[in-house]
Amino acid sequence: MATATTAEGRAPRADKVAVVDEVRQRFNDAEAVLFTEYRGLDVAEMADLRGRLIDADCRYKIYKNTLVRRALSADAPAGTLDLLLGPTALAFCGKDPSAAAQALRTFAAEHDALIIKGGVLAGTLLSDAQVRDLADLPSRDELMAQMLGAFSAPLNALASMMNNLISEVSGLVQALIDKTPDSPASDEAPAARADQADASAAADDAAPEPEGAASDDPNSDPSDPAQIDPAQIDMENNQ
């Protein structure tokens with residue numbers, strides 16, 4: 001198998017090959033790659049910038065421009081190699097390029113030595129102005145919150161509608177209760193009817209029994225001489 005050689009005809013060193021492979025892999029894995037010039041930043045400032053970018057899920061790396069050019073494939077957007085001029089550091093962004101752009105823009109506002117040169121996002125070349133505009137977009141967490149809010153909005157509307165319906169039903173039930181006579185008043189009617197029935201029965205017992213009315217005694221026998229009235233016998237004899 002043939003071994004790739006440099007322009008001078010020498011085989012590339014293994015450490016350079018490893019760096020090229022690393023850069024190529026980082027380009028493939030990153031959601032976006034932002035190009036900056038760091039000339040003028042001291043060690044403490046570089047450490048501060050790296051820490052801010054790590055918080056934004058971004059790795060800030062410095063490679064030789066020649067090795068980055070080798071790593072870039074032929075599919076790289078036109079004009080990408082033009083960003084590799086001067087001391088260049090690359091910010092390899094994770095799932096939230098907006099957060100990384102915000103961190104770079106804020107740091108650049110605090111340190112004039114940091115220059116945002118441009119970037120590559122989803123196969124599209126970005127200018128320095130577009131990278132700054134990227135910082136104005138909602139972050140991934142903000143987008144997730146907006147999506148959850150959009151999903152929960154119909155549920156909140158449904159819950160509100162159900163609460164209103166329950167309130168209306170409760171109002172109707174209360175209105176029916178208010179129109180219905182109180183239970184003590186309802187109990188008075190049967191009691192009054194019972195008292196009237198008792199009074200009628202007492203009046204019937206007190207009324208005199210009509211003459212000649214049949215006795216209520218079931219053992220009485222009109223043909224029994226012992227039970228015949230003597231006055232009635234005298235009356236019959238006189239006739």
One pair to check against side-chain contact (heavy atoms from CB on, under 4.5 Å): Arg132 and Leu104. What are the steps and the verdict? CA-CA 9 Å; Arg132 295 175 185 275; Leu104 285 176; over 6 Å; no
Are the side chain of Ser98 and the backbone of Leu134 linked by a donor-acceptor contact shorter than 3.5 Å? yes
Just verifying a value: how many Å separate Leu49 CG and Thr106 OG1, rounded to the nearest 0.5 Å? 11.0 Å
Pairing residues for Arg39 by the salt bridge (charged side-chain N to carboxylate O under 4.0 Å, His left out) criterion, not counting sequence neighbours: Glu37
To the nearest 0.5 Å, how far apart are CE in Met46 and CG in Asp42? 9.5 Å
Quick one: NZ on Lys64 to CZ on Arg69, what's the gap to the nearest 0.5 Å? 13.0 Å
State which residues pass side chain to side chain contact (heavy atoms under 4.5 Å, CB included) with Ile54; sequence neighbours excluded, sorted by chain then number. Arg59
Taking all heavy atoms of Val131 and all of Gly119, pick out the closest pair and write down the distance. CG2-N, 4.0 Å
Going by atom types only, do Tyr38 and Thr88 share a side-chain donor-acceptor pair under 3.5 Å? no
Excluding Leu81, membership of its hydrophobic cluster (Ile, Leu, Val, Met, Phe, Trp, Tyr; side-chain heavy atoms within less than 4.5 Å) reads Val19, Val20, Val23, Phe27, Val33, Phe35, Tyr63, Leu67, Val68, Leu72, Leu83, Leu84, Leu90, Phe92, Val120, Leu125
Please identify each residue that fulfils side-chain hydrogen bond (donor to acceptor under 3.5 Å, both in side chains) with Asn28, with sequence neighbours left out. none
For Gly123 versus Pro77, what's the shortest heavy-atom pair and its separation? O-CG, 3.3 Å
Sub-3.5 Å donor-acceptor pair from the side chain of Thr36 to the main-chain atoms of Ile115, do we have one? no
Going by the rule side chain to side chain contact (heavy atoms under 4.5 Å, CB included), which residues pair with Asp112 if we only count those two or more places apart in sequence or in a different chain? none
Residue list, side chain to side chain contact (heavy atoms under 4.5 Å, CB included) with Asp21, at least two apart or on another chain: Val17, Arg24
When you measure from the side chain of Gln102 to the backbone of Ala135, do you find a donor-acceptor pair of N or O atoms at a distance under 3.5 Å? yes
Taking only residues two or more places apart in sequence, or in another chain, which ones meet Asp29 in a side-chain hydrogen bond (donor to acceptor under 3.5 Å, both in side chains)? Gln25
Partner set under side-chain hydrogen bond (donor to acceptor under 3.5 Å, both in side chains) for Asp57, not counting sequence neighbours: none
Check Pro97 against Cys93 and note the closest heavy-atom contact, atom names and distance. CA-CB, 4.0 Å
The reported gap from OG1 in Thr124 to CG in Leu126 (rounded to nearest 0.5 angstrom) is 7.0 Å
Does one hydrophobic cluster hold both Ile116 and Leu85, with members joined at side-chain heavy-atom distances below 4.5 Å? no
Test of understanding: with salt bridge (charged side-chain N to carboxylate O under 4.0 Å, His left out), list the residues that count as partners of Arg50, not counting sequence neighbours. none
Arg52: partners by side-chain hydrogen bond (donor to acceptor under 3.5 Å, both in side chains), with sequence neighbours left out: Asp48, Glu110
Could you list the residues that satisfy ring-ring contact (aromatic ring centres under 6.0 Å, His included) with Phe107, not counting sequence neighbours? His111
Sequence neighbours left out, what pairs pass salt bridge (Lys or Arg N to Asp or Glu O under 4.0 Å) with at least one residue falling in residues 117-127? none
